[in-house]
There are 2 protein chains.
Amino acid sequence: MSEAKVMINELLVDIFNRILAIESEELKQGGVKLSMNEVHVLEAVQVVAEPSMTFIAAKLGITVGSLTTAVNTLVQKGYVTRYRFPEDRRKVLIKLEDKALEVLDIHREYHEKMIDAIFEDLKVDEDLVLVQSLSKVASYFKK
Amino acid sequence: MSEAKVMINELLVDIFNRILAIESEELKQGGVKLSMNEVHVLEAVQVVAEPSMTFIAAKLGITVGSLTTAVNTLVQKGYVTRYRFPEDRRKVLIKLEDKALEVLDIHREYHEKMIDAIFEDLKVDEDLVLVQSLSKVASYFKK
DNA sequence: TCGAATATTTTGAAATTCAAACAATAATAT
DNA sequence: ATATTATTGTTTGAATTTCAAAATATTCGA
């Protein structure tokens with residue numbers, strides 16, 4: 001591997017290893033009582049086009065069974081509610097309650113700070129390269 | 001947030017959510033019986049300067065107690081051994097056995113394929129931008 | 001309508017995690 | 001030297017998270 005490749009690899013591994021612990025710490029300081037796992041479920045519900053169990057689980061890379069238990073506790077804590085999708089009553093859709101939206105606001109602020117740190121000092125055409133590079137990583141993981 | 005920032009954010013979240021499941025699948029197909037967690041422990045042992053429990057746990061972003069249980073099973077399965085560091089007998093250092101090195105070879109191949117996919121079609125000066133951008137993300141997470 | 005396919009929950013068990021208590025060794029201060 | 005404090009790691013006890021497989025409900029297609 002070339003020097004740049006070795007570096008990219010180490011950086012990705014490092015970021016991956018640290019990100020969860022640090023996000024978790026940030027949330028705790030923001031007064032949020034949920035685990036990172038639970039917050040990521042909320043985030044996926046918000047982002048996914050149709051928030052059914054199957055789609056949310058796919059977005060998170062976990063099984064639907066795992067998601068069921070996660071949603072159980074979130075429902076119990078009052079962050080989300082379940083409802084049947086009228087057009088296809090097999091599907092269970094998840095709705096975010098106000099409590100969840102507050103948490104997601106705090107989490108989004110953290111993400112924005114992170115992204116700003118990345119973009120600091122980058123020029124416009126460099127932004128483009130970064131977006132394209134990350135697109136490649138993402139599509140590599142999707143196929 | 002600008003459009004580029006929104007995209008970067010979504011890409012990072014996507015990559016993060018998928019990477020574990022896919023790495024795990026790749027390993028299974030390579031005939032490796034270990035979980036991704038266990039493989040990441042081996043990886044950290046290999047990378048860290050002095051493979052003591054504290055340093056390895058810090059590299060992984062988990063508590064030393066959690067690492068102890070992970071190392072217990074890896075010792076039991078014959079992938080690593082523990083030994084006391086003579087210069088400071090409080091420290092327990094971890095040594096990779098041949099079995100572990102084989103697994104890490106398979107895992108490294110996967111990482112190389114991933115990195116190659118990223119670098120495909122990128123030009124040299126674009127490589128530099130990517131490295132610098134990721135360095136920023138990494139240093140953001142370290143401070 | 002009947003059987004296959006899809007969507008989700010339940011079940012049972014294993015893996016992973018943490019915080020706090022405990023034990024051993026080293027460093028510092030008195 | 002010896003007591004105190006700090007560092008390093010393991011153990012404990014409990015909670016969380018995960019999965020695969022079985023069970024249930026609904027929809028779709030023949």
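Residue numbering restarts at 1 for every chain, and letters A, B, ... go by the order of the sequence lines.
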- Show your working on salt bridge (charged side-chain N to carboxylate O under 4.0 Å, His left out) between E109(B) and K113(B) and close with a plain yes or no. CA-CA 6 Å; E109(B) 268 176 42; K113(B) 271 202 322 193; over 6 Å; no

- Task: For a side chain to side chain contact (heavy atoms under 4.5 Å, CB included) with I94(A), tell me which candidate from T81(A), V80(A), V41(A) qualifies.
- Result: V80(A)

- Message: Using 0.5 Å steps for rounding, measure from the CG atom of L93(B) to the CZ atom of F85(B).
- Response: 6.0 Å

- Query: With distance as the sole test, does K99(B) use its side chain to make a donor-acceptor pair with the main-chain N or O of K77(B) at under 3.5 Å?
  - Reply: yes

Between [N] atom [atom2] and [X] atom [atom1], what is the distance in whole Å?
X: L60(B); N: dT16(C); atom1: CG; atom2: C1'; value: 13 Å
X: I56(B); N: dT17(C); atom1: CD1; atom2: P; value: 14 Å
X: M53(B); N: dT25(C); atom1: CE; atom2: P; value: 17 Å
X: L93(B); N: dT10(D); atom1: CG; atom2: P; value: 11 Å
X: L34(B); N: dC19(D); atom1: CG; atom2: P; value: 17 Å
X: I94(B); N: dT8(D); atom1: CD1; atom2: P; value: 15 Å
X: Y83(B); N: dG9(D); atom1: OH; atom2: P; value: 12 Å

- Take atom CZ in R89(B); do more than 12 heavy atoms of anything else shown fall under 6.0 Å from it? no

Which atom of [X] lies closest to which atom of [Y], heavy atoms considered:
X: V39(A); Y: V103(A); value: CG2-CG1, 4.1 Å
X: R82(B); Y: T68(B); value: NH2-O, 3.5 Å
X: G78(B); Y: E97(B); value: O-CB, 3.7 Å
X: A44(A); Y: I56(A); value: CB-CG2, 4.0 Å
X: K95(A); Y: Y83(A); value: CB-CE2, 3.8 Å

- Query: Mapping E38(A) and V92(B) onto DNA chain D by nearest heavy atom, which one lands closer to the 5' end?
  - Reply: V92(B)

- Task: Would you kindly compare M36(A) and T54(B) by the position of their nearest DNA chain D nucleotide and give the one closer to the 5′ end?
- Result: T54(B)

- Message: Are Y79(A) and V47(A) connected into the same hydrophobic cluster when the rule is that any two of I, L, V, M, F, W, Y join if their side-chain heavy atoms are below 4.5 Å apart?
- Response: no

- Message: With a 4.0 Å cutoff (strictly under), does any side-chain N or O of S35(A) reach OP1 or OP2 of dT17(D)?
- Response: yes

- Between N37(A) and dT17(C), does any side-chain N or O lie under 4.0 Å from OP1 or OP2? no

- Task: Using a 4.0 Å heavy-atom cut-off, write out nucleotides 24-30 of chain D from 5' to 3' as B (base contacted by protein), S (sugar-phosphate only) or - (no contact).
- Result: --BS---

- Terminal axes of the helix from dT1(C)-dA30(D) to dT30(C)-dA1(D) (5 end pairs apiece), angle rounded to 10 degrees, sit apart by 20°

- Task: Please list residues of residues 62-82 of chain A whose heavy atoms come under 4.0 Å from any atom in DNA chain C, ordered by number; otherwise none.
- Result: V64(A), G65(A), T68(A), R82(A)

